[in-house]
Amino acid sequence: MKKISLFFLTVLFIMLLILYLRLFLQQKDFINEAKQTNSPVKAISYYERVILSYIPLSPYNREAVNGILEQCKKIDNEQKLYCYETLRSALYQVRSFYQPYREEIKRLEPLIAEIKTHEMIQWKYNNLSERDYQRLYNYNIEILRYDGSPSVFWSMVSVLSLFAWICSICFIIFKGFKTPINKRYLLWGLTGFIVFFSLWIIGLYNA
Amino acid sequence: MNFKNFFLPASFFFIIFLYLFSLPPILSTGDGGELIAASFGLGSPHPSGYPLYVQIGKIFSLLPAGNIGIRVELISVFFSILTLFLVYFMVFKLSGQNLEASFAAIASVIFLALSYSFFGQSIVAKFYTLNSFFVMLLILCGTIVVLNGYDRRMQFIASFILGLTLSAHHTGFMMIVPLGVLGFFYFRNFLRNLPLSFLFFFLGFSVNLYLFIRDMKGNLFTMIPVIDMDSFLKVFLRKNYGAGSSIDVTASGFVNFYGYFYAFKNYLYLIEKNFTLFSIPFFILGVVWLFKKSKKLFIFVLTSFFIYSIFLAKLTFSMQNPDIHELYVIGHQYFIPSFAIYCGIVGLGSYFIYSIFEKYGFYSLKKIVPIIVIFFPLLMIFDRLTDQYQGKNYVPYSHTKGIFTSLPVASIYMTYGDNHAFQGWYLKLVGRYREDICHIVLDDYKTMVWALHGCKPYSLYRGLFPEFFDGNLIDLTEKYRYYSIIALSEKHPLYTVVDSYPYFYIFIYLGKSSDKRNFDTFFMERMKKIEPFLNYEDCLTHTTDDVYTLQLCNFSTIGYISIAKAYEKASDKDIAEVVFDQKLSYGDFTAPFRMKLKVNDENEKYLSIYNAVKKYNKMDKFHLSGKKNEKD
C-alpha cells in the first residue's frame with residue numbers, strides 16, 4: 001500500500017514540477033508579447049494569459065496585474081469594462097484554496113458595477129434614466145459579490161474523506177480478508193470506513 | 001544503472017512532459033467546459049453525472065498552479081500515466097519478466113501513449129483515461145487470479161472497482177462480462193464469496209450518493225437535479241438520451257447481428273488510424289503468446305478485448321459510414337480501453353519475437369532489436385505535434401470570451417449545442433466574466449425550453465432582466481439585448497416573430513415589426529465599436545485538428561464578414577458584391593446564412609482574415625476523417 005501511495009504521489013509531484021516549468025515559460029513569453037504590442041486590447045489579453053498561467057510567488061503575476069491596470073487607464077468606457085472584467089475574471093480563474101490578489105478584486109467590483117450601470121443607462125434603446133442608477137447599481141454589485149462556489153474547507157474535507165474511505169475499503173479487503181481473517185485489521189478498516197464515509201457525507205452537504 | 005532502470009523512468013518522464021506541454025492552456029472543447037465548471041462547483045454534469053470524476057476534479061482544481069481549467073485537465077494526464085503504467089506492468093508480468101520483457105513493455109507503452117486517440121484523450125478534460133485506468137485495474141485483478149491462483153481478495157476488490165466504475169463512465173462496468181467468465185473457472189469459490197462481493201460492489205456504487213446529497217442543497221451547477229429515485233434513475237441510466245440511454249444501448253448489442261460487420265470494419269479503421277495495420281501481426285503473435293501462456297488468461301484477456309472493441313463498436317459505432325461527428329465523438333473517445341489492451345497484446349507479440357530469437361540462437365538480435373523497437377513508436381511524435389498538440393489552443397476560451405465581450409450590458413445570450421453552451425458555463429460560472437449577461441441554453445432546436453444555469457440566482461437577475469423573467473422577449477429584442485448563436489430557420493418557434501441577423505460571431509434577434517433602418521445604423525456603429533475585440537490570431541495558431549476547435553473557428557468567420565459589412569461605404573455602390581452563402585448546422589438542423597459584401601480598401605483585410613481562417617481550419621484536417629469526409 002505504501003509503495004502504491006508513493007507511486008501516486010511521485011507521479012503527481014513530477015507532473016506539478018513540469019507544469020510549473022510550462023507555466024513559467026508561458027508567463028515569460030506573454031509578458032514579452034504584452035510589452036511589445038501597441039494595442040491596449042491585445043496587451044490586456046496577453047497579460048491575462050500571464051495571470052492564467054499563475055505560479056505562486058512568480059514575479060510575473062504582479063507585473064501582469066499592474067500591466068492590465070495600466071492599460072485600463074488608456075481606454076474608453078466599454079473597453080475599460082473589458083479591461084476590469086478581464087482582470088477580475090483571470091484572478092477568479094486562478095483561485096485555489098486561497099484567492100490571489102483578493103484586494104484587487106474587491107477594488108475592481110464597484111468600478112465594474114459603476115461602468116455597467118452607466119452603460120445600461122446610456123444604452124439608448126433601454127428607456128432608462130439617471131433615476132434608475134442606484135437600483136441598477138445595487139443589482140450589478142450584488143451579482144458581482146454573489147459567490148455560489150462551494151466552501152473550500154468542506155470541499156477538501158469531503159473529497160479527502162472520499163479517498164480515505166476508498167482506502168479503508170482496500171485496507172479491509174487486502175489486510176482484513178487475508179487467510180485467515182485478521183479481525184484487528186477488519187475492525188480498524190471498518191472504523192476508518194465509518195468515520196470517513198460520515199465525513200464525506202457531511203462535507204458534501206456543507207460544501 | 002542498467003538499461004531498464006534508465007529507459008523505464010525516462011520513457012514515463014518523457015510522456016508526462018509531452019502531455020503536460022500539450023494540455024490546452026485553459027479549457028478543452030466539448031464537455032471540457034462543463035466538466036471543469038461541475039468539478040469546480042462540486043455540481044453534476046450531464047447524465048450519468050460522473051460523481052467520481054467531479055470529486056477528483058474538485059481536489060485537482062485546488063492545486064496552486066495555472067488556472068482551474070488546466071488543473072482539471074491534469075486528471076486526464078494523471079490517469080493516463082497510471083493506465084500506461086498498468087500496461088507496462090501487465091506486459092512485463094505476462095512475458096518473461098526479464099530485460100527484453102521490460103523493453104517490449106516500454107515499447108508498447110510508448111506506442112499507446114503516442115497513438116492519436118489515447119494522446120488526444122490524455123490532454124483534455126474528459127473521463128476516458130480514468131475509465132481506462134479502471135478497466136486496466138480490473139484486467140490486472142483477473143490476471144493476478146490466473147497467475148497466482150484464486151484469491152477472494154481479488155474478487156472483492158474487483159467487485160468494489162466495478163461499483164466505482166458506475167460513478168465514472170458506465171462502459172467500465174462492461175468488465176463484468178470477462179470477470180464473470182473468469183469466475184466460471186473458479187465457480188465454487190466464486191459463488192461462495194458472491195454475497196460479500198455484492199456488498200463491496202454496493203460500497204463502490206455508493207459514490208453515486210453524491211448526486212442526491214449535492215442536489216439536495218442546490219449548487220453552482222447541476223445539469224439535471226437528482227431529488228428522488230425517479231430522477232436518480234433518469235440521470236444514472238441516461239434516460240433523457242432516449243435511444244442512447246444506457247439500457248437501450250446495451251440491448252442493441254443483441255439485435256441486428258449484421259451490425260457486427262460494420263462494427264468490425266469501423267473498429268479496424270480506428271486501429272489503422274491509431275496504430276497502422278503493421279501492428280496487427282504483432283497483435284496476432286501476442287494472442288498466440290497468451291494462448292501458450294495460459295488458456296484461462298487467453299480467454300479472459302480476449303473477452304475483455306472483444307467487449308471493449310467489437311461489442312462496444314456494435315453498441316455505439318456500427319453505422320455504415322460514420323461521419324466526422326461520429327468519428328470524433330465516438331471513434332476518438334470510447335475505445336481508449338480497447339487500445340490499451342491492444343497495445344498490451346502487441347507488446348506481448350514483440351516479446352514473442354524476442355523469445356524466438358533466443359530459441360534459435362540469435363543472441364545479438366535479441367539484445368539489439370528490443371532497444372531499437374522502443375524508438376519506432378517515437379516517430380509518431382511528429383504526427384502528434386501537428387495534430388494533437390493543444391498547448392497553444394486558446395480558441396475555446398477566446399472565442400467565448402469574444403462573444404461575451406461583444407454583448408451590451410445586461411444582454412441575453414442563447415446557445416444551443418454542447419460546444420458553445422459548455423464554454424459559456426465555464427466563463428460565467430468559473431471565470432465569473434460578464435456576470436451581467438444571462439446565458440440561457442436551449443435544450444432542443446425546435447423548442448423554447450431552456451436551462452438557466454448562466455443566470456443564477458434568479459432573484460438578482462430578475463432585477464436586470466424584468467422583460468425576460470416576465471416573458472416579454474420581443475421587448476428585449478427591441479432593446480437590442482437578445483443574442484444567440486442560432487440563426488433562425490423555419491423549424492425554430494421564434495422564426496415567425498423575430499428575424500436573426502449576424503452580429504459579430506453570433507446573431508442578434510430583432511422583432512419582425514422593428515424598423516430595419518434603425519437596426520442598420522445600430523449595426524454599423526456597434527460593429528465598429530467592438531472591432532478591437534476581434535481575435536483571429538488564435539484561430540490561425542492553435543496547431544490542433546480538434547474537430548470542435550475547427551468548428552468554432554469556422555463559426556467565427558461570421559464575425560469577419562460582419563465587421564467587413566460595417567465598413568462598406570456609400571461610394572461602393574458600383575462595386576460588385578461578393579456573396580457569402582452557406583448553411584449553418586445546429587445538430588440535425590440547418591439554417592441559411594447569406595450576406596452580400598462590397599469589398600473596398602477598408603474592409604478587404606477582413607476578407608483576407610476570413611479566407612485565412614477558413615483555410616487553416618479545414619475540417620479534413622481531422623486525423624480520423626474518412627475518405628468521404630475528406631472529399632467534403
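Naming: A, B, ... by sequence-line order, numbering from 1 per chain. As the structure is a prediction and not an experimental result, all values here were calculated from the model.
Contacts between A/L12 and chain B at a heavy-atom distance below 4.5 Å involve backbone atoms as well as side-chain atoms. With a 4.5 angstrom heavy-atom cutoff, B/F160 touches chain A only via side-chain atoms. Only the side chain of B/S398 comes within contact range of chain A, with heavy atoms under 4.5 Å apart. Residue B/E467 does not touch chain A at all, counting heavy-atom pairs closer than 4.5 Å. Residue A/S39 does not touch chain B at all, counting heavy-atom pairs closer than 4.5 Å. Of the two parts of B/I81, only the side chain, counted from C-beta on, holds a non-hydrogen atom closer than 4.5 Å to a non-hydrogen atom of chain A. When heavy atoms are compared at a cutoff of 4.5 Å, A/D132 does not approach chain B at all. In this structure, the portion of A/Y98 lying under 4.5 Å from any heavy atom of chain B is its side chain and not its backbone. B/F60 touches chain A through its side chain: at least one heavy atom from C-beta onward sits under 4.5 Å away, while N, CA, C and O do not. Neither the backbone nor the side chain of A/N138 has a heavy atom closer than 4.5 Å to any heavy atom of chain B. Contact of B/R434 with chain A is made through backbone and side chain together, with heavy-atom distances under 4.5 Å. A/Y82 touches chain B through backbone and side chain together, each having a heavy atom under 4.5 Å away.
Side-chain contact between A/T179 and B/R153: absent, with no pair of heavy atoms (C-beta onward) separated by less than 4.5 Å. For the pair A/L91 and B/R432, the minimum side-chain heavy-atom distance is 4.5 Å or more. Under the 4.5 Å side-chain criterion, counting only non-hydrogen atoms from C-beta, B/Y461 is in contact with A/I143. In this structure, the side chains of B/F78 and A/F8 come closer than 4.5 Å at one or more pairs of heavy atoms.
Within 6.0 Å of NZ on B/K528 lie more than 12 heavy atoms contributed by other residues, nucleotides or ligands. Atom NZ of B/K392 has 12 or fewer neighbouring heavy atoms from other residues, nucleotides or ligands inside a 6.0 Å radius. Residue-environment remark: OH (A/Y125) exceeds the threshold of 12 foreign heavy atoms within 6.0 Å. For CZ of B/F522, the number of neighbouring non-hydrogen atoms (other residues, nucleotides, ligands) closer than 6.0 Å is greater than 12. The number of heavy-atom neighbours closer than 6.0 Å to CH2 of A/W188, taken from other residues, nucleotides and ligands shown, is 12 or below. Within 6.0 Å of atom OH in B/Y536, 12 or fewer heavy atoms from other residues, nucleotides or ligands are found, so the atom counts as exposed in its surroundings.
With no hydrogens or angles considered, no side-chain donor-acceptor pair links B/K58 and A/S158 at under 3.5 Å.
Between B/I213 and A/Y205, the closest heavy-atom pair is CG2-N, 3.7 Å. Contact record, B/S459 with A/Y139: O-CE2, 4.4 Å, taken as the closest heavy-atom pair. Among all heavy-atom pairs drawn from A/S89 and B/G431, the shortest one is OG-O, 2.8 Å. B/P532 and A/V41 make their closest contact through O-CG1, 3.6 Å (heavy atoms, listed as atom of the first residue, atom of the second, distance). Closest approach of B/R481 to A/N126, counting heavy atoms only: NH1-OD1, 2.9 Å. Nearest approach of B/D436 to A/E85, heavy atoms of both residues: OD1-OE2, 4.2 Å.
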Legend entry - Working for salt bridge (charged side-chain N to carboxylate O under 4.0 Å, His left out), residues A/K116 and B/E435: CA-CA 10 Å; A/K116 282 182 178 172; B/E435 291 182 294; over 6 Å; no

Inset, instruction - Give the intermediate values and the outcome of salt bridge (charged side-chain N to carboxylate O under 4.0 Å, His left out) for residues A/E78 and B/R526. - result: CA-CA 11 Å; A/E78 192 156 344; B/R526 196 70 198 144; 2.6 Å; yes

Inset, instruction - Take A/W123 and B/V409, measure what side chain to side chain contact (heavy atoms under 4.5 Å, CB included) needs, and give me the verdict at the end. - result: CA-CA 9 Å; A/W123 189 253; B/V409 174; over 6 Å; no

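Here the rule is side-chain contact (heavy atoms from CB on, under 4.5 Å) with A/R95, and of B/N67, B/V430, B/I68 only B/I68 fits it.
Highest contact tally toward chain B, considering only A/M156, A/R88, A/E119, A/Q79, is held by A/R88 [criterion: heavy-atom pairs under 4.5 Å]. Of all the listed residues (A/K42, A/R135, A/Q27, A/K124), the one sharing the greatest number of non-hydrogen pairs under 4.5 Å with chain B is A/K42. For the options A/L136, A/L144, A/D76, heavy-atom pairs under 4.5 Å to chain B are most numerous at A/L144.
Judged by the 6.0 Å distance and 45° axis criteria, A/R49 is positioned over the aromatic ring of B/Y394.
Residues B/F156 and A/F174 place their aromatic rings such that the two centres sit no closer than 6.0 Å. Between B/F85 and A/F7, the distance from one ring center to the other falls under 6.0 angstrom.
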